[in-house]
Visitor: 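First the structure, which I've put down as structure tokens, then a few questions once you've had a look.
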Amino acid sequence: MATAPHVITRFAPSPTGHLHIGGARTALFCWAYARRTGGTFLIRIEDTDQARSSEASAHGILKDLAWLGILWDEGPELPLVAPVSDRCGPTGSPAQVFSKTSPGAPLLAQHGSETRATGTIGGNPRGVGSFYQSQRLDVYNAVITDMLARGLAYADFSPPEKLAEARKAAEAAKQTFRYHPPAAEIAPLDEQQRRIAAGEKHVIRFRANEEPVRVTDEVLGEVAFGAGEVDDFVLRKADGYPTYHFGVVVDDEKMGVTHVLRGQEHLMNTPRHVALQQALGYRTPVYAHMPLIFNDQGAKMSKRERDQTARKAVKDAKLAGPPAGASIDAAAFTAWLGDTKRQLETGELESLAAAMNLALPEVSVDDFRKAGYLPEVICNFIALLGWNPGENREKFGMEFLAANFDLARIGKTSARFDRKKLLSFNADAIGAMQDTDLAARLLEWCAEYAPAEGERLRALGAERLALLARAVKPRARTLKEALRPAAFALVSDEELAFDPAAADKVLKANAGAGRALLLDLAKVLAALEPFEPPAINAAIEAFAAGRSLKTGDVAQPLRVAVTGSTVSPGLGETLAVLGKASTMKRIERCAAACG
RNA sequence: GGCCCCAUCGUCUAGCCCGGUCCAGGACGCAAGGUUCUCAUCCUUGAAACCGGGGUUCGAAUCCCCGUGGGGUCACCA
């Protein structure tokens, strides 16, 4: 092991949107591999598309990664408030980053035993940064200058329209278009330099050779690409920014990246990168192309899925214009509806879904977070989409990945993203949580996505909140779903509404038999001490038994009285969460309402 | 269309590299029972797969070839 080379992996997102679940898996594997080998995991922001990149997106991606517990050793710095021990919590608890809604305000971090008060993720210990490609232009330009001088690259002054035409013509002739002009068509170096100096618009192209390229991939094995597959692709765009291909190759070299793990959609880029590396005399890193993550349609999972879902719902509802409450421009809506390729802005799409009471399929980490999934479950689940430890084991945490992840067990076949199974995993994880942990998670989630409910929960106090968490545990598959069985505790005694149908059925029927029973039971409960779940349950059962009734006969009137509905968590926990005073008040109110 | 990748229950997969222990194991989902004060949880049981065809071999889910199917990719996006 001492002689093993130091592994450096990297995740290199382009900040043009939210962190996609597939990207999260790539990052997770890069992280896990670095952890496993005692290497370094770095993050580089590939913001070379001036039109589409944004700092907000970059920050969002970093924040999502941190939330997942995928922390980087080098890269952009992010302040962190973390119940984190080393790189992953002892129970796989995630990092806490600054709240999105209240930046600068650290979230509470009451779980995880080895809490670090504050800290920073990222940094530049080896001095290989910046980790934003837009800030590395002189690095790329130096390489370009060198390549130009050595004839490895050339300036191309032809307008993009001309190229597009040629491409179209080739397509019409059913030919594969490859740009590789004969040497005679390329201007001599001094002319190139003169025209560049004169400020003429141009791109810099790689002068590809005609060699076949052989790539050794850790998951796919040997992959051969025929001669001439690599064409004279662009290295530097007309705006002076590097293309993806160029930036990746240069930065991976300069940053010492040894292992490139990425999605299989990049496989066809690899010969380009290898050809470039060879021309420049760079190392070729170890490649591992991981299988794709599919949606239900068996195609690569993408954000478009959300638009498709919404579009279908709109069509099914036969809506001609934006529904009431949706903040979308009518013209934009119509254009979107008629063009299946078109995508709505995230905000527009979400307001539309909200207005239609429609659940959009989650595709970005943010979506899953909002839906109430646990970060450690997401990591567990996406790890399974392409990797498994064997031996029928499929539940594991970050520590396990950090200790056991390997390239050899990455599968070759694309996996469908099965939300049902994710949900089941999440439900299991919630079910296995300590009451107080779940309570804390609930509070965190509410702070972000349901502040009003969060306040109500907090007002319960630690003890009752923990009790509520226990009650809700087997009834919630996500943190969001926990709000439903907790609903009775989220309204005041005065606000509680009684479901009329339920009241008719269990309280008013048979000349108010249920109501009468309720009043008698109330006397027992009023005298009950301690007012705790086991005692409450015992009292209810004894009361029913004493009258030769089934427990359900007395439970249901009580349930409707204190929760307003025939469906709720167990009565012992429900009443204990409410407390005796509140319970009595609700019973009185109910009796009055049904009198 | 060119190039490239892939192929085990409906889905995720173990097994494949190092052929026999596989009438193929696990999980989600599904179905049927059971426990329970509602809802849920939980427990038990069940149905459910080696894409097709050729080889190689005493023997193939496992090795080879062809076919078929699916996917990816063909930008001054990454």
Side-chain angles (χ1 to χ4, degrees), chain A residues 12-16 46-49 51-53 133 156 159-160 163-164 167 170-171 173-178 201-205 215 217 219-221 223-226 229 231 233-245 247-248 263-271 289 291-292 294 296 298-300 381 384-386 388-395 408 411-425 427 431 471-477 484-485 502 506 537 540-541 544 550-556 558-560 563 565-572 574:
Chain A
S14 77
T16 55
E46 310 221 320
D47 55 348
T48 54
D49 184 335
R52 297 200 304 148
S53 298
Q133 288 190 323
D156 176 8
L163 227 166
R167 208 186 305 278
E171 197 180 313
K174 287 186 186 271
Q175 299 259 301
T176 307
F177 180 79
R178 265 192 213 96
K201 265 238 176 302
H202 68 281
V203 298
I204 302 295
R205 286 182 181 277
V215 176
D217 187 279
V219 353
L220 264 16
V223 185
F225 301 88
E229 282 295 310
D231 73 351
F233 59 94
V234 173
L235 302 175
R236 191 176 73 189
K237 302 182 268 187
D239 65 3
Y241 280 64
T243 58
Y244 162 71
H245 304 297
V248 157
Q264 233 169 69
E265 72 266 26
H266 284 294
L267 186 59
M268 295 307 283
N269 293 151
T270 312
H289 286 92
L292 266 14
F294 281 176
D296 292 327
K300 200 171 76 173
F381 187 73
L384 240 25
L385 260 28
N388 78 81
E391 294 171 4
N392 289 338
R393 175 169 188 160
E394 51 179 16
K395 298 277 180 71
K412 294 179 176 183
T413 38
S414 345
R416 214 162 287 228
F417 192 94
D418 183 356
R419 289 190 177 75
K420 287 236 185 77
K421 186 159 178 171
L422 204 217
L423 206 48
S424 164
F425 271 39
V472 132
K473 216 186 278 180
R475 296 171 174 81
R477 295 173 300 176
R484 204 162 289 281
V506 304
N537 285 331
I540 294 169
E541 272 158 39
K550 285 181 291 180
T551 312
D553 293 334
V554 315
Q556 286 304 75
L558 177 58
R559 170 167 281 117
V560 171
T563 71
S565 136
T566 51
V567 177
S568 88
L571 282 172
T574 299

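Lettering follows sequence order; numbering is per chain, from 1.
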Visitor: Base, sugar-phosphate alone, or nothing: which one does A:Ser424 contact when heavy atoms must sit under 4.0 Å apart?
Guide: sugar-phosphate
Visitor: Partner of B:rG19 by Watson-Crick or G-U wobble geometry, both contacts under 3.5 Å, or none?
Guide: none
Visitor: Using a heavy-atom cut-off of 4.0 Å across all strands, would you classify A:Gly431 as base, sugar-phosphate, or nothing?
Guide: nothing
Visitor: Can you check the A:Phe225 CZ to B:rG2 P distance for me, whole Å?
Guide: 17 Å
Visitor: In whole Å, what separates the P atom of B:rC6 from that of B:rG67?
Guide: 16 Å
Visitor: Tell me which nucleotide among B:rC5, B:rG72, B:rC28 gets nearest to the side chain of A:Lys300.
Guide: B:rG72
Visitor: For B:rG46, which nucleotide is its Watson-Crick or G-U wobble mate, given both distances must be under 3.5 Å?
Guide: B:rC30
Visitor: Distance check, C1' atoms only: B:rU73 and B:rC23, in whole angstrom units.
Guide: 43 Å
Visitor: How long is the line joining CD of A:Gln264 and C1' of B:rG70, in whole Å?
Guide: 12 Å
Visitor: Taking the same atom, P, in B:rA60 and in B:rC51, what whole-Å distance lies between them?
Guide: 15 Å
Visitor: Please encode protein proximity along nucleotides 12-23 of chain B as a string of B, S and -, counting only heavy-atom distances under 4.0 Å.
Guide: BSSS--------
Visitor: Could you check which of B:rU38, B:rC3, B:rC76 has an atom nearest any side-chain atom of A:Arg475?
Guide: B:rU38
Visitor: Take atom CG of A:Asp296 and atom P of B:rU11, then tell me their distance rounded to the nearest Å.
Guide: 11 Å
Visitor: By the 4.0 Å heavy-atom rule, please label A:Val223 as base, sugar-phosphate, or nothing.
Guide: sugar-phosphate
Visitor: Assuming nearest nucleotide by heavy-atom distance, tell me which of A:Leu220 and A:Glu265 is located more 5' along RNA chain B.
Guide: A:Leu220
Visitor: Looking at A:Lys201, I'd like to know if its NZ atom is crowded, meaning that more than 12 non-hydrogen atoms belonging to other residues, nucleotides or ligands lie closer than 6.0 Å.
Guide: no
Visitor: Charged N to carboxylate O below 4.0 Å: is that the case for A:Lys421 and A:Glu394?
Guide: yes
Visitor: Need the pair for B:rG1. Rule: Watson-Crick or G-U wobble, both distances under 3.5 Å, any strand; none if unpaired.
Guide: B:rC74
Visitor: Paired with B:rG59 by Watson-Crick or G-U wobble geometry, both distances under 3.5 Å: which nucleotide is it?
Guide: none
Visitor: Please report the distance separating the P of B:rG59 from the corresponding atom of B:rG19, rounded so that it comes out in whole Å.
Guide: 15 Å
Visitor: Is it the case that A:Lys300 places NZ or CZ above or below the six-membered ring of A:Phe294, under 6.0 angstrom from the centre and within 45 degrees of the axis?
Guide: no
Visitor: Below the 4.0 Å mark, does B:rA78 have OP1 or OP2 next to a side-chain nitrogen or oxygen of A:Lys237?
Guide: yes
Visitor: Does A:Leu571 or A:Asp239 map to a spot on RNA chain B nearer the 5' end, using the closest nucleotide for each?
Guide: A:Leu571
Visitor: Determine the contact category for A:Arg167: base if any of its heavy atoms lies under 4.0 Å from a base atom, sugar-phosphate if only primed atoms, P, OP1 or OP2 are that close, otherwise nothing.
Guide: sugar-phosphate
Visitor: Closest approach to the side chain of A:Ala555, judged atom by atom: which nucleotide of B:rG72, B:rC5, B:rC37 is it?
Guide: B:rC37
Visitor: Under 4.0 Å, heavy atoms only, any strand: does A:Pro569 hit a base, just the sugar-phosphate, or nothing?
Guide: base
Visitor: By nearest atom, which of the nucleotides B:rC77, B:rC5, B:rA40 is closest to the A:Pro474 side chain?
Guide: B:rA40
Visitor: For A:Thr16, which contact category applies under a 4.0 Å heavy-atom criterion: base, sugar-phosphate, or nothing?
Guide: nothing
Visitor: Could you please name the partner base of B:rA24, counting Watson-Crick and G-U wobble pairs only when both distances are under 3.5 Å?
Guide: none
Visitor: Once you round it to whole Å, what is the distance between P of B:rC76 and CG of A:Leu235?
Guide: 12 Å
Visitor: Roughly how many Å apart are B:rG26 and B:rU45, using the P atom of each and rounding to a whole number?
Guide: 11 Å
Visitor: Go through B:rC76, B:rC3, B:rC39 for me and flag the one nearest to the A:Glu229 side chain.
Guide: B:rC3
Visitor: What contact category does A:Ala12 fall into here, base, sugar-phosphate, or nothing, at under 4.0 angstrom with non-hydrogen atoms?
Guide: nothing
Visitor: Taking only the C1' atom of each, what is the distance from B:rU62 to B:rG46 in whole angstrom?
Guide: 29 Å
Visitor: What interatomic distance, in whole Å, is found between P of B:rC22 and the corresponding atom of B:rA61?
Guide: 13 Å
Visitor: Please work out if A:Asn537 contacts a base, only the sugar-phosphate, or nothing of the nucleic acid, heavy-atom cut-off 4.0 Å.
Guide: base
Visitor: Just how far, in rounded Å, is C1' of B:rA78 from NE2 of A:His266?
Guide: 7 Å
Visitor: Within this structure, what is the CZ-to-P distance between A:Phe233 and B:rU73, rounded to whole angstrom?
Guide: 18 Å
Visitor: If we call it a pair only when both distances are under 3.5 Å in a Watson-Crick or G-U wobble match, what pairs with B:rU35?
Guide: none
Visitor: So which nucleotide from B:rG72, B:rC77, B:rC39 ends up closest to the side chain of A:Arg52?
Guide: B:rC77
Visitor: Using Watson-Crick or G-U wobble geometry with both distances under 3.5 Å, which nucleotide pairs with B:rA7?
Guide: B:rU68
Visitor: Reckon A:Asp553 touches a base, only the sugar-phosphate, or nothing at all at heavy-atom distances under 4.0 Å?
Guide: nothing
Visitor: Across the strands shown, which category fits A:His245 at heavy-atom distances under 4.0 angstrom: base, sugar-phosphate, nothing?
Guide: base
